[in-house]
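The chains referred to below are lettered A, B, ... by the order of the sequence lines, with proteins before strands, and numbering in each begins at 1.
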There are 2 protein chains.
Amino acid sequence: MPAQPSRKPGPPAETVTTDTDGGTPLRADAQHNRDRILEVAREAFTTQGTDVPLTAIARRAGVGPATLYRRFPTRASLISEAFAEQLSICVSVLDEALADPDPWRGLCTVIEQVCAMQATDRGFTAAFFSEFPDAVDYNRERTRAEEGLERLVRRAKDAGQLRDDFDPSDITLLLLANSGVVGESRQVSLAASRRLVAYLLQSFRPEHTQRLPPPAPLGLQQLHKARRAT
Amino acid sequence: MPAQPSRKPGPPAETVTTDTDGGTPLRADAQHNRDRILEVAREAFTTQGTDVPLTAIARRAGVGPATLYRRFPTRASLISEAFAEQLSICVSVLDEALADPDPWRGLCTVIEQVCAMQATDRGFTAAFFSEFPDAVDYNRERTRAEEGLERLVRRAKDAGQLRDDFDPSDITLLLLANSGVVGESRQVSLAASRRLVAYLLQSFRPEHTQRLPPPAPLGLQQLHKARRAT
DNA sequence: CGATAAACGGACGACACCTTCCACTTGCCG
DNA sequence: CGGCAAGTGGAAGGTGTCGTCCGTTTATCG
């Protein structure tokens, strides 16, 4: 498991995903089934992408379709839950990076970690770029992430470690590009991703003076808006 | 249509795609329908990807499903025909590049052109990376293309215009990465692709000395073999 | 023009997946 | 231990796509 950095130590993460967040606590067996479904779903999404038939997940989890649908009314809600942990890892990674005194190293770390996660996990990539209508605070997280990245970029530029014409959207660009290499075997994807990232990080350095084509409007915000239109 | 370079002038391309290549010539109306199907298919594949229901293509072409299936027994055969022209453009581009006295400029041209085609054409990307069991000489073309690229890379290195640790598979890597940006609007995709390519081309230059992670086994050959296993 | 075979498209059966309903089971609490 | 509500899974209805069959149309040629 080279791709899953340990969570940032600090305030003990309050037990998320353990039971349904809001209402009445689930009955013991129900809770068990819910966990099992999530477990199977993670596995399935990871290896086969987010298009796997929900029926198959239910079957492999040893429950009926109805059970799955009662817990997760929509496919998106299941995906959202299944990757909640991974997303929170992303946030931690970003926080770590912001805490790093060397902004360039911080930037590299975020990018490398997230890209490795993408490369090892087919479903994560899909989840990462899709919306989570259910997760109420997803938008907030997203905004926070973008702000964090922007700050990181600014600091790296100020430190003279990042080319001046670098645009925050270039990170999205890199992530999109990286998502292109996913789909082969885990090993191959990871190797390809690493090399790609290395190439790109090099070209982000300030020594480069050659002019670039203008950045594309690729904020995660716009990206999601565009996808929605499709 | 900024992405479709004109075909290389030279021996007048013998009329492909005009009628069924081998057997009895088609009846006039049949030929017309066939053309119309291909036209619609190209459009549909380009804008919606290669997963569009064949029934929809038939309907939009004003023919019954049976007609489509009679002409193109499998989905792959339709895709293959629909993108035959584009693929031949790729080959021409490569030939042009090989003819260029400046190998670096040649390399840039191939990459930029093909990436632009990918970025403007959703279906092309899928077609490019998928197999064509029908097209007998597809394998031959592919091999030829790989050999050509290898030669181009070699020449560029010998001319001191390409970093020494560049691997031919890095071109595949770049194309895969580029395919990741497809999916947004045509404009956005193209802008993103251009910037990505610019970044990567810069990092291919020989001034870079920092060590890279090893190349991934991404020959088009292996790639297709791996996909087949999926 | 008229015969003939090629070509056509509507309709249909098969299949996969989604989603809901409902009669039955079972954990939980008094 | 017993009743009840929460929970369950199988079965069934719905939808969309695939791929084919077959009666009808129509281009082509004499």
Side-chain angles (χ1 to χ4, degrees), chain A residues 18-41 43-45 47-82 123 126 130-131 133-134 230, chain B residues 17-41 43-45 47-82 123 126 130 133-134 230:
Chain A
T18 306
D19 63 347
T20 183
D21 13 54
T24 320
L26 263 54
R27 226 169 66 179
D29 57 341
Q31 181 63 51
H32 173 264
N33 278 336
R34 189 175 191 279
D35 292 346
R36 176 110 187 88
I37 290 173
L38 275 177
E39 183 185 337
V40 171
E43 156 78 10
F45 288 151
T47 59
Q48 284 149 262
T50 47
D51 284 334
V52 284
L54 294 188
T55 322
I57 293 180
R59 185 162 14 89
R60 291 182 50 187
V63 304
T67 302
L68 190 153
Y69 276 97
R70 191 163 338 100
R71 281 320 147 222
F72 307 97
T74 73
R75 168 180 240 103
S77 65
L78 177 57
I79 298 177
S80 154
E81 282 275 346
S130 73
E131 282 192 286
D134 307 56
T230 310
Chain B
T17 68
T18 306
D19 63 348
T20 185
D21 13 54
T24 319
L26 262 54
R27 225 170 68 178
D29 56 343
Q31 182 62 52
H32 173 265
N33 278 336
R34 189 175 192 278
D35 293 346
R36 177 109 187 89
I37 290 172
L38 276 176
E39 183 186 337
V40 171
E43 156 77 11
F45 289 150
T47 58
Q48 284 148 262
T50 47
D51 283 334
V52 283
L54 294 189
T55 322
I57 293 181
R59 185 161 15 88
R60 290 182 49 187
V63 304
T67 301
L68 190 153
Y69 277 101
R70 192 167 330 105
R71 279 324 144 222
F72 307 97
T74 73
R75 168 182 239 100
S77 66
L78 178 56
I79 298 177
S80 155
E81 282 275 346
S130 73
D134 308 57
T230 313

Rounded to whole angstroms, how far apart are [atom1] on [X] and [atom2] on [N]?
| X | N | atom1 | atom2 | result |
| --- | --- | --- | --- | --- |
| A:Gln31 | D:dA6 | CD | C1' | 14 Å |
| A:Arg36 | D:dG7 | CZ | C1' | 18 Å |
| A:Leu54 | D:dT15 | CG | C1' | 16 Å |
| B:Leu78 | D:dC18 | CG | C1' | 14 Å |
| A:Tyr69 | D:dA11 | OH | C1' | 15 Å |
| A:Ile57 | C:dC17 | CD1 | P | 12 Å |
| B:Leu68 | D:dT20 | CG | P | 12 Å |
| B:Phe72 | D:dG19 | CZ | P | 15 Å |

Residue closer to the 5' end of DNA chain C, A:Ala66 versus A:Thr55 (nearest nucleotide) =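 The answer here is A:Thr55.
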Compare every heavy atom of A:Ile57 with every heavy atom of A:Ala44, then report the nearest pair and how far apart it is.
->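 Looks like CB-CG1, 4.2 Å.
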Which atom of B:Leu68 lies closest to which atom of B:Leu54, heavy atoms considered =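 Reported closest heavy-atom pair: CD1-O, 3.7 Å.
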Could you tell me whether A:Arg71 contacts a base, only the sugar-phosphate backbone, or nothing, with contacts defined as non-hydrogen atoms closer than 4.0 Å?
->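 It contacts sugar-phosphate atoms only.
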Does B:Asp51 or B:Asp29 map to a spot on DNA chain D nearer the 5' end, using the closest nucleotide for each?
->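 Its nearest nucleotide being more 5', the pick is B:Asp51.
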So, does [X] get its side chain near the phosphate of [N], meaning an N or O under 4.0 Å from OP1 or OP2?
| X | N | result |
| --- | --- | --- |
| A:Arg59 | D:dG9 | no |
| B:Thr67 | C:dG9 | yes |
| B:Asn33 | C:dC8 | yes |
| B:Arg70 | C:dC8 | yes |

B:His32, B:Glu39, B:Gln31 screened by side chain to side chain contact (heavy atoms under 4.5 Å, CB included) with B:Asp35, the one that passes |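 One option only clears the test, and that one is B:Gln31.
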Taking side chain as C-beta onward, heavy atoms only, is B:Ile37 less than 4.5 Å from B:Leu78?
->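 B:Ile37 reaches B:Leu78 side chain to side chain.
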Between C:dC28, C:dC18, C:dA11, which nucleotide has the shortest distance from any of its atoms to the side chain of A:Ala28?
->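 In terms of side-chain proximity for A:Ala28, the closest of C:dC28, C:dC18, C:dA11 is C:dC28.
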Salt bridge (charged side-chain N to carboxylate O under 4.0 Å, His left out), paired with A:Glu81, selected from A:Arg75, A:Arg34, A:Arg71 =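 When salt bridge (charged side-chain N to carboxylate O under 4.0 Å, His left out) is applied between A:Glu81 and each of A:Arg75, A:Arg34, A:Arg71, only A:Arg34 qualifies.
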Mark yes or no for a side-chain to base donor-acceptor pair under 3.5 Å between A:Arg27 and D:dA6, with no hydrogen or angle criteria applied.
->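 Counting by modelled atom types and ignoring angles, a donor-acceptor contact under 3.5 Å is found here.
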